Amino acid sequence: MSELYIRVAEDENEEPMEIPSEDDGTVLLSSVAAQFPGACGLRYRNPESQCMRGVRLLEGVLHAPENDWGNLVYVVNYPKDNKRKMEEIDAASAVKIKRGFQKTSDLIVLGLPWKTTEQDLKDYFTTFGEVIMVQVKRDAKTGNSKGFGFVRFTDYETQTKVIAQRHMIDGRWCDCKLPNSKACPDEPMRSRKIFVGRCTEDMTTDELRQYFMQYGEVTDVFIPKPFRAFAFVTFADDQVAQALCGEDLIIKGVSVHISNAEPKHNNSRQMMDRGRFGAGGFSQGYGSNRGGSLWSLLSLIVFYQL
DNA sequence: GTTGAGCGTT
């Protein structure tokens, strides 16, 4: 029994590879995965029905159909609809795939000369790739350029290239960036800021800073005035902030509750915060306080910056 | 009739 092998292939038409079975006639999924990284199971074509059939898998052990592997060629299963070999799904190709589907977005063009027209912009940017749209923002009354505009390309590759460099347009260096309104559209917002509930009035920003320093670099402490019994603490590292969420910490003998600082829903320019990706203005819902209280009212009335 | 870091009237 110890010399029994079963034939396994990436695909029905691929050349099979022999995978060793165990003494009891089963085959370990790990044995399959050793040759086909990322494999999560096996299937085979049932000679009678001509349908594909799954091989029974229990706790990492593959069991022969009808207690006999026979002379069939078994085909490797990969997770979900990923038919590719897992080893091909490295970070680089994942990025490539993602970029293939990446949609373009408007880019803001900063630093335009006053005289630059939309035709000028189109002429310039067309040298990089097909242009869908150009705009020069102007004063409604005077019609004077505000010195910035927008451009959109057909291809994401073009957009990437354009963002990556500075642009000499009509004698001035201009920058193309993702507008704040579009910043990090698909990045999950991992806040570096926490909400500190149940603060007492005697807690100062310095004391909070001193206290939270033990967890990581603190970049900001904000205590709303007048006193509202909560504060915001921002860390340099979002992981530190996230790790603290849900904790009850004792500061000056008082139990404070840490939760996530929720994004503000205003259009403040503070949305840029000091984050790397333009994420970040936050205020806070009312944590564990339930509605109907003074808290809800206060929280609804005022939205503090930072 | 000016300006020079920013963030898009319809």
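Quick note: numbers below take in every heavy atom, side chains included, and nothing from hydrogens, waters or symmetry partners. In what follows, chains are A, B, ... by sequence order, proteins preceding strands, each numbered from 1. Predicted model, so just to flag it, every value in this text is computed and none were measured.
- If you measure from atom CZ of Phe148(A) to atom P of dG8(B), you get 6 Å, rounded to the nearest angstrom.
- For the pair Lys137(A) NZ and dG4(B) P, the computed distance is 22 Å after rounding to whole Å.
- For Arg172(A) (side chain) and Gly111(A) (main-chain N/O), a donor-acceptor pair under 3.5 Å exists by modelled atom type.
- Between Lys146(A) and dG6(B), a side-chain N or O to OP1/OP2 separation shorter than 4.0 Å is absent.
- Donor-acceptor pairing under 3.5 Å is lacking for the side chains of Thr204(A) and Asp206(A).
- In this structure, Leu107(A) atom CG and dC7(B) atom C1' are separated by 13 Å, rounded to whole Å.
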Evaluate the ring-ring contact (aromatic ring centres under 6.0 Å, His included) criterion for residues Phe195(A) and Phe230(A): first the C-alpha distance (whole Å), next the side-chain angles of each, then the deciding distance (0.1 Å), finally the verdict.
CA-CA 7 Å; Phe195(A) 174 86; Phe230(A) 66 81; 5.0 Å; yes
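- At the heavy-atom level, Leu112(A) lies under 4.0 Å from base atoms of the strands shown.
- Straight-line distance from the CH2 atom of Trp173(A) to the P atom of dG4(B): 21 Å, rounded to whole Å.
- Atom CD of Gln135(A) and atom C1' of dT10(B) are 11 Å apart (whole Å).
- Taking atom CZ on Arg152(A) and atom C1' on dG8(B), their separation rounds to 13 Å, with Å as the unit.
- A donor-acceptor pair shorter than 3.5 Å cannot be found between the side chains of Arg152(A) and Ser105(A).
- The closest side-chain donor-acceptor pair between Arg192(A) and Thr234(A), if any, does not fall under 3.5 angstrom.
- Asn180(A) contributes no side-chain N or O that forms a donor-acceptor pair with the base of dG6(B) under 3.5 Å.
- Asn144(A) has its CG atom 15 Å from the P atom of dG4(B), to the nearest Å.
- The nucleotide whose nearest atom lies closest to any side-chain atom of Lys177(A) is, among dC7(B), dG8(B), dA5(B), dC7(B).
- Ranked by how close their nearest DNA chain B nucleotide is to the 5' end, Met133(A) and Ser145(A) are led by Ser145(A).
- Between Ile108(A) atom CD1 and dG4(B) atom C1' the separation is 13 Å, expressed in whole Å.
- Nearer the 5' end of DNA chain B, as judged by each residue's closest nucleotide, is the contact made by Arg172(A), out of Phe150(A) and Arg172(A).
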